[in-house]
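Read the numbers this way: they start at 1 and go in the same order the structure lists the ligands and their atoms. Position 1 is the first residue of the sequence; numbering continues from there. All values below were derived from every heavy atom in this structure, side-chain atoms included, with hydrogens, water molecules and symmetry-related copies excluded.
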Amino acid sequence: MKIIMLGAPGAGKGTQAKQIADKYNIPHISTGDIFRANMKAGTELGKKAKGYIDHGLLVPDELTVDLVIDRVAENDCLNGYVLDGFPRTIPQAECLDQALSLKGEKIDYAINIEVPDEDIVNRMSGRRACPSCGATYHIVHIPTKVEGVCNRCGSKLVLRDDDKPETVKRRLDVYHKQTKPLIDYYENKKVLMVVDGTQDMERVFNTIVKILGA
Ligand code: ADP
Ligand code: AMP
C-alpha cells in the first residue's frame with residue numbers, strides 16, 4: 001500500500017502518518033524529518049536545506065526528489081510506505097510517478113487532510129516536537145503526561161523554529177501556491193481521498209482506516 005499524505009503544514013499529516021505506519025506495518029517517510037535529522041547532524045544537505053526551511057520556503061526539488069526516490073527503493077518499502085510531506089510540488093509528483101511507473105508501480109491513495117487556514121496558525125504555535133524521537137504533541141489538543149517532556153523517550157520538547165507565527169504565514173502561502181495544485185493532480189489520477197482534519201485525531205484516524213480497509 002503506497003500512500004501520500006496531503007494537506008497544509010500543521011493539518012495533521014505526521015500525526016496520522018505515524019499511526020498508519022504502525023497499523024499497516026509500513027515505513028513512515030517524512031521529508032521534513034529527514035531534513036531536520038540532516039540539519040542536526042550538520043551534513044551538507046542539512047546546511048543547504050536549513051536556509052530554505054528557516055525562511056518557510058520549500059527546499060529545491062533537485063535536493064529533494066532523488067532522496068525520496070532512493071528511499072522508496074529500499075527493501076523495507078517492498079510492501080508499501082506512507083509519504084509525509086512529499087510530494088510538495090507538481091514536478092516532485094511527476095518525478096515520483098515516473099520512477100514508480102518504470103517498476104510498474106503507482107501510488108494507491110493520496111489522503112488530503114483538510115483544515116482551514118484559521119486553525120493552522122493555532123495548531124502550529126501549539127505544536128511541540130521531540131528532537132530525539134520525532135514524536136509531536138499539541139499543548140492543548142494532544143498534551144504530554146508531564147508538561148514539556150516527551151511521553152515516549154523523556155526528552156525535552158521544543159517549538160520548531162519554523163512554527164513561529166511569521167514563518168507559518170509564509171509556509172501557508174507557499175502551500176497554497178505550490179502544493180495545493182497536487183489535490184487536482186491526484187484527483188485526476190483517481191486516488192484522492194478527502195478527510196475532515198478538524199475532527200479529533202482518533203476520528204480522523206478512524207476515517208482513514210475506513211478508506212484503507214482494516
Ligand atoms: P503536519 O505533519 O501536517 O505538519 P502535525 O501532525 O505535526 O502536522 O500536526 C500539527 C499540530 O496539530 C501538532 O501539534 C499536532 O499534535 C496537532 N494535531 C494533529 N492532529 C490534530 C487534530 N485532529 N486535532 C487537533 N490537533 C491536532
Ligand atoms: P514538514 O516537517 O513536512 O512541515 O517540513 C518542514 C520543512 O521542510 C518545509 O517547510 C520545507 O521547507 C521542507 N520540506 C519538507 N518536505 C519538502 C519537500 N517535499 N519539498 C521541499 N521542501 C520540503
Can D119 and T198 be said to form a side chain to side chain donor-acceptor pair (under 3.5 Å), step by step?
CA-CA 8 Å; D119 298 348; T198 62; 5.8 Å; no

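- At least one heavy atom of R36 sits closer than 4.0 Å to an atom of ligand 2.
- The nearest heavy-atom contact from the protein to atom 23 (C) of ligand 2 is F35 CE1, 3.8 Å.
- Looking at Y137, its side chain does come within 3.5 Å of a backbone N or O of N151 through a donor-acceptor pair.
- With a 4.0 Å heavy-atom cut-off, ligand 1 is reached by the backbone of R127 and by its side chain too.
- Between G14 and ligand 1, at least one pair of N/O atoms sits closer than 3.5 Å.
- By the criterion of a heavy-atom distance under 4.0 Å, neither the backbone nor the side chain of T198 is placed next to ligand 1.
- Interface atoms of ligand 1 facing A8, defined by a heavy-atom separation under 4.0 Å, are 3 (O).
- Of all protein heavy atoms, the one lying nearest to atom 7 (C) of ligand 2 is I53 CG1, 4.0 Å.
- Nearest protein heavy-atom neighbour of atom 22 (N) of ligand 2: V59 N, 3.0 Å.
- An N or O contact shorter than 3.5 Å links G10 to ligand 1 by distance.
- In the hydrophobic clustering of ILVMFWY residues, with side-chain heavy atoms under 4.5 Å counting as a link, V59 and I34 come out together.
- Side-chain contact between Y81 and D76 is absent, with no heavy atoms from C-beta onward closer than 4.5 Å.
- Less than 4.0 angstrom separates some heavy atom of R160 from each of these atoms of ligand 2: 1 (P), 2 (O), 4 (O), 6 (C).
- Polar contact check, I142 against ligand 1: no nitrogen or oxygen pair lies under 3.5 Å apart.
- Using a 4.0 Å cut-off between charged side-chain N and carboxylate O, R127 and D163 make a salt bridge.
- Atom 12 (O) of ligand 2 has its closest protein heavy atom at L57 O, 2.6 Å.
- Those atoms of ligand 2 that come under 4.0 Å of a heavy atom in F86, given as number and element, are 19 (N).
- Listed here is the closest heavy atom pair of L96 and P87: CD2-CD, 4.5 Å.
- Looking at T31, D61, L63 and measuring to atom 16 (N) of ligand 2, the nearest heavy atom belongs to T31.
- Looking from atom 8 (O) of ligand 1 to the surrounding protein, the closest heavy atom is G12 N, 3.2 Å.
- Interface atoms of ligand 1 facing H141, defined by a heavy-atom separation under 4.0 Å, are 25 (C), 26 (N).
- Ligand 2 has an N or O atom lying under 3.5 Å from an N or O atom of R171, backbone or side chain.
- A salt bridge (Lys or Arg N to Asp or Glu O under 4.0 Å) with D97 holds for exactly one of K189, K2, K106; it is K189.
- Considering backbone and side-chain atoms together, Q199 places an N or O closer than 3.5 Å to an N or O of ligand 1.
- Of the polar atoms of A11, at least one N or O is found under 3.5 Å from an N or O of ligand 1, judged by distance alone.
- Between R88 and ligand 2, at least one pair of N/O atoms sits closer than 3.5 Å.
- The residue A17 has no part lying near ligand 1, judged by heavy-atom distances below 4.0 Å.
- Checked for salt-bridge contact, D54 and K50 meet the test: a charged N lies under 4.0 Å from a carboxylate O.
- Taking the charged nitrogens against the carboxylate oxygens, R71 and E74 do have a contact shorter than 4.0 Å, which makes a salt bridge.
- Environment of NZ in K18: crowded, with over 12 heavy atoms of neighbouring residues, nucleotides or ligands closer than 6.0 Å.
- Shortest contact from atom 15 (C) of ligand 1 to any protein heavy atom: T15 OG1, 3.8 Å.
- Here's the thing with Q92: one of its N/O atoms is less than 3.5 angstrom from an N/O atom of ligand 2.
- No N or O atom of R128 sits closer than 3.5 Å to an N or O atom of ligand 1.
- Other residues, nucleotides and ligands contribute more than 12 heavy atoms inside 6.0 Å of the OH atom of Y185.
- Salt bridge present: R171 and D162 bring a charged side-chain N and a carboxylate O closer than 4.0 Å.
- Considering backbone and side-chain atoms together, G85 places an N or O closer than 3.5 Å to an N or O of ligand 2.
- Side-chain contact between K156 and V149 is absent, with no heavy-atom pair separated by less than 4.5 Å.
- Among all protein heavy atoms, the one lying closest to atom 11 (C) of ligand 1 is R123 O, 3.8 Å.
- Between the side chain of S30 and the main chain of D33, a donor-acceptor pair closer than 3.5 Å is present.
- Nearest protein neighbour of atom 14 (O) of ligand 1, counting heavy atoms only, is Y137 O, 2.7 Å.
- With a 6.0 Å radius and a threshold of 12 heavy atoms from other residues, nucleotides or ligands, H141 has its NE2 atom above the threshold.
- In Q16, neither the side chain nor the backbone holds a heavy atom less than 4.0 Å from any atom of ligand 1.
- A salt bridge links K177 with D173: at least one charged nitrogen is closer than 4.0 Å to a carboxylate oxygen.
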